[in-house]
S.K.: 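Got a structure here, written out as structure tokens. Questions coming.
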Number of protein chains: 2
Amino acid sequence: MKLTFTEENYLKAIYKLLEQSGKPASTNDIAGILQTSAASVTDMVKKLAEKGLVDYEKYKGTRLNEEGKNHATLLIRKHRLWEVFLMHSLKFRWDEVHDIAEQLEHVQSEKLIDELDRFLGFPKYDPHGDPIPDKNGRYTFRHQIPLSQLEKNKKGLVVGVKEHSRSFLNHLDNLNLKISSRIEILDINEYDDLIEIRIDDNQREKISRKVADNLFVQNT
Amino acid sequence: MKLTFTEENYLKAIYKLLEQSGKPASTNDIAGILQTSAASVTDMVKKLAEKGLVDYEKYKGTRLNEEGKNHATLLIRKHRLWEVFLMHSLKFRWDEVHDIAEQLEHVQSEKLIDELDRFLGFPKYDPHGDPIPDKNGRYTFRHQIPLSQLEKNKKGLVVGVKEHSRSFLNHLDNLNLKISSRIEILDINEYDDLIEIRIDDNQREKISRKVADNLFVQNT
DNA sequence: ATATATTTTTAGATTTATCTAAAATTTAGA
DNA sequence: TCTAAATTTTAGATAAATCTAAAAATATAT
Ligand SMILES: [Mn+2]
Ligand SMILES: [Mn+2]
Ligand SMILES: [Mn+2]
Ligand SMILES: [Mn+2]
């Protein structure tokens with residue numbers, strides 16, 4: 001089904017909220033993500049329900065149905081593949097790719113996205129470590145934990161970020177932290193909760209719990 | 001200036017008409033290209049005039065001013081670079097690229113298009129032989145004539161197509177004719193005006209004047 | 001030159017996505 | 001449990017891009 005940019009953005013917002021909480025998306029939360037009024041959201045979710053993309057119950061919230069979920073997954077596939085393209089082929093930084101991918105993800109062409117996938121070598125993860133759905137909507141899951149859950153003296157490999165904000169990504173750049181960085185927990189300070197780590201068997205850095213919560217690592 | 005898709009499509013239409021005829025674009029002609037009503041066109045050209053992109057005189061037609069011309073040229077740059085990308089990187093055929101480029105050309109990011117340009121090696125021409133404006137809006141012109149103007153026993157190199165329709169491009173595919181094909185005029189039939197050519201020093205083919213009018217060649 | 005045809009503009013309506021303000025419903029606190 | 005706060009929906013308005021039908025201007029043909 002051909003949808004407008006707006007409709008697609010609503011589907012993505014509802015998908016994200018469902019992913020985060022597992023519960024139906026509330027009108028207010030959708031409005032928050034899309035920076036619009038609750039009244040507009042009510043109008044639009046009714047329309048999406050009409051079109052058979054979501055299940056909507058007055059005052060109860062909105063959830064994607066099968067078709068809505070498929071469409072949202074396709075959008076995420078497109079978004080993340082474009083991010084890989086921007087980063088690997090066009091040499092963008094990881095803090096720059098999201099905004100442009102927000103536009104590119106709405107381009108309509110199944111062949112385009114499948115050929116892009118092939119061109120990029122069927123990548124499994126995007127520049128932020130998020131999994132890329134394949135042509136059939138299937139993800140490759142990965143065992144990962146927040147860096148804040150890694151214990152003292154244990155080692156881990158950075159595989160993703162939870163936050164995607166520019167400021168967080170720039171902060172990581174300044175710390176020399178990136179996807180595939182090796183990390184060892186040297187100390188966790190009892191008093192101020194700062195975590196001291198060694199990065200790539202090299203520099204030592206102190207990071208806040210906020211940063212550690214937003215970094216995903218694999219045990220190594 | 002940030003423009004809507006619709007506004008950008010009007011600018012392109014006006015640009016094309018000016019390019020074709022040299023005269024200001026008529027309301028009806030714009031409506032024809034954009035498949036819309038004359039009344040809508042009047043509304044929109046007034047709005048574009050308000051925004052300082054076109055000069056519009058009631059009943060006299062519309063022409064791009066400096067700013068409108070710059071914006072239209074940027075759109076053409078984006079369109080043609082995306083066509084090159086689709087063809088060279090993603091292996092699309094030359095009859096498939098236009099429709100997708102019509103969508104991609106509206107993505108807003110100066111860095112995106114300049115990096116794409118670099119990635120593609122600063123191509124001078126698109127898959128149909130049309131020149132690609134550089135970052136400053138400058139084209140590389142090329143001396144070319146329609147194949148129909150090539151004389152008997154003369155040789156030429158195919159450098160572009162005038163028509164961009166799918167059916168014409170597919171017809172050329174069937175004849176094995178493509179950009180960079182070498183052509184020799186073997187005979188021009190007096191009775192039915194069919195032109196007999198040799199392609200790549202190899203096969204002989206008879207083509208109609210209609211086809212010959214729509215193929216650009218360089219004398220060799 | 002005058003009538004006719006064509007083109008273009010205007011007037012008024014429609015659709016889509018948005019808004020604000022007020023009403024209805026649900027949730028949470030005392 | 002009752003009341004107050006928060007959330008959500010409804011009602012009505014607005015802005016952008018479109019439409020149709022009618023009026024106005026221009027072009028064409030006898
Ligand atoms: Mn992103
Ligand atoms: Mn991402
Ligand atoms: Mn094209
Ligand atoms: Mn082209």
Side-chain angles (χ1 to χ4, degrees), chain A residues 1-14 16-18 20-64 68 71 75 102-103 105-106 108, chain B residues 1-14 16-18 20-64 68 71 75 102-103 105-106 108:
Chain A
M1 191 187 319
K2 195 167 171 284
L3 302 180
T4 65
F5 279 36
T6 312
E7 290 167 338
E8 292 196 326
N9 285 334
Y10 272 88
L11 287 186
K12 274 208 310 172
I14 296 164
K16 265 183 216 157
L17 289 167
L18 195 76
Q20 274 168 31
S21 70
K23 283 175 289 186
S26 81
T27 300
N28 252 8
D29 287 351
I30 298 171
I33 289 185
L34 298 175
Q35 293 291 299
T36 187
S37 71
S40 301
V41 173
T42 301
D43 284 346
M44 182 57 84
V45 296
K46 276 183 189 169
K47 189 177 147 202
L48 292 173
E50 280 283 313
K51 288 198 171 193
L53 292 156
V54 304
D55 295 332
Y56 161 67
E57 257 192 293
K58 258 191 188 185
Y59 294 105
K60 296 291 168 64
T62 307
R63 61 175 70 238
L64 299 177
H71 200 107
L75 283 168
E102 286 285 306
Q103 299 181 62
E105 73 192 5
H106 299 291
Q108 309 266 0
Chain B
M1 195 189 314
K2 194 165 172 284
L3 302 180
T4 66
F5 279 36
T6 312
E7 290 167 337
E8 292 197 326
N9 285 335
Y10 272 88
L11 287 186
K12 275 210 309 173
I14 296 163
K16 266 184 214 155
L17 288 167
L18 196 77
Q20 275 168 30
S21 71
K23 283 174 291 187
S26 81
T27 300
N28 254 6
D29 286 351
I30 297 170
I33 289 185
L34 298 175
Q35 294 291 300
T36 188
S37 71
S40 300
V41 173
T42 302
D43 284 346
M44 182 58 84
V45 296
K46 276 182 188 169
K47 188 179 148 201
L48 292 174
E50 281 283 314
K51 288 198 171 193
L53 292 156
V54 304
D55 295 331
Y56 162 67
E57 257 193 293
K58 257 192 188 184
Y59 294 107
K60 295 291 167 66
T62 306
R63 62 175 71 239
L64 299 177
H71 200 107
L75 283 168
E102 287 285 308
Q103 299 181 63
E105 73 192 5
H106 298 291
Q108 309 265 2

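Atoms considered below: every heavy atom in the structure, side chains included; atoms not considered: hydrogens, waters and symmetry mates. Proteins get letters first, then strands, A, B, ... in listed order; numbering begins at 1 in each.
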S.K.: For residues 27-47 of chain A, which residue pairs qualify under salt bridge (Lys or Arg N to Asp or Glu O under 4.0 Å), counting only residues two or more places apart or in two chains?
M.R.: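 Output for this query lists A:Glu7-A:Lys47.
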S.K.: Are any side-chain N or O atoms of A:Ser40 and backbone N or O atoms of A:Thr36, one a donor and one an acceptor, separated by less than 3.5 Å?
M.R.: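 No: the side chain of A:Ser40 does not pair with the backbone of A:Thr36.
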S.K.: Which residues pass the side chain to side chain contact (heavy atoms under 4.5 Å, CB included) test with A:Tyr59, not counting sequence neighbours?
M.R.: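 None.
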S.K.: May I have the distance from A:Tyr56 (atom OH) to C:dT25 (atom C1'), rounded to whole angstrom?
M.R.: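 The answer, rounded to whole Å, is 11 Å.
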S.K.: Side chain of A:Ala38 only, heavy atoms from C-beta on: which candidate in C:dT8, D:dT10, D:dT8 is closest?
M.R.: D:dT8
S.K.: Rounding to a whole Å, what distance do you find between A:Met44:CE and D:dT9:P?
M.R.: 15 Å
S.K.: Could you check which residues of residues 1-9 of chain A get a heavy atom under 4.0 Å from DNA chain C? Sort them by number, please.
M.R.: A:Thr4, A:Thr6
S.K.: Residues two or more places apart in sequence or in another chain: which of them pass side chain to side chain contact (heavy atoms under 4.5 Å, CB included) with B:Ala39?
M.R.: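 B:Ser37.
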S.K.: Under the side chain to side chain contact (heavy atoms under 4.5 Å, CB included) test, which residues partner B:Leu18, sequence neighbours left out?
M.R.: B:Arg63
S.K.: Residues of residues 26-37 of chain A with any non-hydrogen atom less than 4.0 angstrom from an atom of DNA chain D: list those, numerically ordered, please.
M.R.: A:Ser26, A:Thr27, A:Asn28
S.K.: For the CD atom of B:Glu50 and the CE atom of B:Met44, what is their distance to the nearest 0.5 Å?
M.R.: 12.5 Å
S.K.: What is the distance, to the nearest angstrom, from the CG atom on B:Asp43 to the P atom on D:dA21?
M.R.: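 After rounding, the gap between these two atoms is 17 Å.
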S.K.: Taking side chain to side chain contact (heavy atoms under 4.5 Å, CB included) as the test, write out the residues that go with A:Gln108, two or more places apart.
M.R.: A:Lys2, A:Glu8, B:Gln103
S.K.: Could you pull out all residues at least two apart from B:His106 that satisfy ring pair (Phe, Tyr, Trp, His ring centres under 6.0 Å)?
M.R.: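 Result, ring pair (Phe, Tyr, Trp, His ring centres under 6.0 Å) vs B:His106: B:Phe5.
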S.K.: Looking at DNA chain D, which of residues 57-64 of chain A put a heavy atom within less than 4.0 Å of it?
M.R.: A:Lys58, A:Tyr59
S.K.: So which nucleotide from C:dA17, D:dT8, C:dT18 ends up closest to the side chain of A:Lys47?
M.R.: C:dA17
